[in-house]
Amino acid sequence: MKGVGKFGEVLAAEKGKVSYDELAVRLEKIIRSGSRRKAIMEFVCRELRKVPHYSWVGIYAVEGTDLVLEAWSGPSATQHTRIPSGEGICGAAVEEKSTIVVPDVSKDPRYLPCFLNTQSEIVVPVMKDGSAVAEIDIDSERLDAFSPTDRAFLESVSEELASIV
Ligand code: SME
């Protein structure tokens, strides 16, 4: 099945290779496994971080008007465990109901600083019945790290997540 998947790309990683298609299959299995929501969210964050340029991965849930951090994987914790509506790239993605890719966070006035080394960020909302109910937030230590493949891949993960949020 190698190379014939939806995303096609395989990246060199510290330990071997990472294929977006293999990752998508693993994520789909766990999301559909019927496990506890929290356990699934944590697994998804850990798995996504196997992509070499995904430095920090978090999933926020929309609770009332706030975004609340539900699971994360990365070298350190964020102080932004609750983000009020409309704040940051995270808040903007909920309002716009659409993925936001920020190639250079230092040039985006909406950016809420979190980690010193972050250079770019992608936020992908999880949509249900026309509203954003959660989102995947990924920071990268690389400038302009997120390609159209990253966006398509993460949007497909977010569609899967919609079935459990
Ligand atoms: N940078 C985000 C805040 C969350 S942290 O990156 C984990 C933002 O601008 O919304």
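As a basis for the values below, the full set of heavy atoms in this structure was taken, side chains included, without hydrogen atoms, waters or symmetry mates. For clarity, every value in this text was computed on a predicted model and none was experimentally measured. Indexing begins at 1, ligand by ligand and atom by atom, following the structure's order.
- Looking at Ser120, its side chain does come within 3.5 Å of a backbone N or O of Ala145 through a donor-acceptor pair.
- Partners of Phe146 under the ring pair (Phe, Tyr, Trp, His ring centres under 6.0 Å) rule, at least two apart in sequence or in another chain, are Tyr54.
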List the atom pairs, with distances to 0.1 Å, where a side-chain N or O of residues 133-140 and a protein N or O form a donor-acceptor pair under 3.5 Å, not counting sequence neighbours.
| residue | atom | partner | partner atom | Å |
| --- | --- | --- | --- | --- |
| Asp139 | OD2 | Thr118 | OG1 | 2.9 |
| Ser140 | OG | His53 | O | 2.8 |
| Ser140 | OG | Arg142 | N | 3.0 |

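- The ring pair (Phe, Tyr, Trp, His ring centres under 6.0 Å) search around Tyr20 returns Phe153, not counting sequence neighbours.
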Write out each pair where an N or O from ligand 1 and one from the protein are under 3.5 Å apart, with the distance.
| residue | atom | partner | partner atom | Å |
| --- | --- | --- | --- | --- |
| ligand 1 | 1 (N) | Leu112 | O | 2.9 |
| ligand 1 | 1 (N) | Glu121 | OE1 | 3.0 |
| ligand 1 | 1 (N) | Glu121 | OE2 | 3.2 |
| ligand 1 | 6 (O) | Asp139 | OD1 | 3.3 |
| ligand 1 | 6 (O) | Asp139 | OD2 | 3.3 |
| ligand 1 | 9 (O) | Ile89 | N | 3.0 |
| ligand 1 | 9 (O) | Leu112 | N | 2.8 |
| ligand 1 | 10 (O) | Ile89 | N | 2.9 |
| ligand 1 | 10 (O) | Cys90 | N | 2.8 |

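- Salt-bridge check for Glu28 with Lys6: failed, with every basic side-chain N at 4.0 Å or more from each acidic carboxylate O.
- Between Glu42 and Lys38 there is a salt bridge, with a side-chain nitrogen of the basic residue lying less than 4.0 Å from a carboxylate oxygen of the acidic one.
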